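Below is one structure, written out as structure tokens, with a few remarks after it.
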Amino acid sequence: MTIDAAQRLFDERVRATSPDERRRIHEQMRRDAFRLVWWQADRAGVTEPLALTRFLLERLYPDLRGERLERIMERFAELRREGRWSGPRRPAPEG
């Protein structure tokens, strides 16, 4: 698999930073990823808790597919039936 030039430049930039700066970059990228997938879910109109969970998981973790994802979704469905889970929680807005 080839790595594109932008990814290579980003990797080099991150390697040149201090551990504290790498942590800050990671935290910001994580926040941005969650903000983006919630925005996508809003635009798609996905609101039912299980469908929303699948939507978010498939975008945040693209390698999470097949049997593993189905087992996770079955567990969420079971928790929902038991009244122990009501769906994913939107991250608090930054500010």
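Count residues from 1 along the sequence. For clarity, every value in this text was computed on a predicted model and none was experimentally measured.
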Self-check item: Close side-chain approach of Leu60 to Phe55, heavy-atom, < 4.5 Å
Solution: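 A side-chain contact under 4.5 Å is absent here.
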Exercise. Please tell me if the side chains of Leu64 and Glu58 come closer than 4.5 Å, counting only heavy atoms from C-beta onward.
Key: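 Leu64 vs Glu58: side chains apart.
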Quiz item: Which is it for Arg13 and Ile25 under the side-chain contact (heavy atoms from CB on, under 4.5 Å) test, yes or no, and what are the steps along the way?
Solution: CA-CA 11 Å; Arg13 191 185 96 206; Ile25 291 168; 4.2 Å; yes
Quiz item: Side chains of Arg43 and Gln40: donor-acceptor distance under 3.5 Å anywhere?
Solution: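 There is no such pair (donor and acceptor under 3.5 Å, judged by atom type) between the side chains of Arg43 and Gln40.
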Under-4.0 Å salt bridge between [X] and [Y]:
X: Asp42; Y: Arg90; value: yes
X: Asp32; Y: Arg35; value: yes
X: Arg24; Y: Glu27; value: no
X: Arg54; Y: Glu70; value: yes
X: Arg75; Y: Glu78; value: yes

Quiz item: What's the spacing between Met29 CE and Phe10 CZ if we round to 0.5 Å?
Solution: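 If I round to the nearest 0.5 Å, the distance is 4.0 Å.
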Quiz item: Got a second to check how far Asp11's CG is from Arg15's CZ, nearest 0.5 Å?
Solution: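 That separation rounds to 5.5 Å.
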Do you know the tightest heavy-atom contact between [X] and [Y]?
X: Arg22; Y: Thr17; result: NH2-O, 2.7 Å
X: Gly87; Y: Pro49; result: CA-CB, 3.9 Å
X: Leu56; Y: Ala41; result: CD2-CB, 4.4 Å
X: Met73; Y: Leu50; result: CE-O, 3.2 Å
X: Pro91; Y: Trp38; result: CD-NE1, 3.3 Å

Got a sec: does the [atom1] of [X] have more than 12 other heavy atoms crowding it under 6.0 Å?
X: Arg31; atom1: CZ; result: yes
X: Arg65; atom1: CZ; result: yes
X: Glu48; atom1: CD; result: yes

Exercise. For the pair Glu82 (side chain) and Arg84 (backbone), establish whether a donor and an acceptor sit closer than 3.5 Å, ignoring hydrogens and angles.
Key: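 Absent.
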Quiz item: Transitive ILVMFWY cluster of Leu36 at side-chain heavy atoms under 4.5 Å: who else is in it?
Solution: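 Under the 4.5 Å side-chain rule, Leu36 groups with Trp39.
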Quiz prompt | From CA spacing to verdict: side-chain contact (heavy atoms from CB on, under 4.5 Å), Leu57, Ile72 | solution = CA-CA 10 Å; Leu57 287 174; Ile72 291 168; 4.0 Å; yes
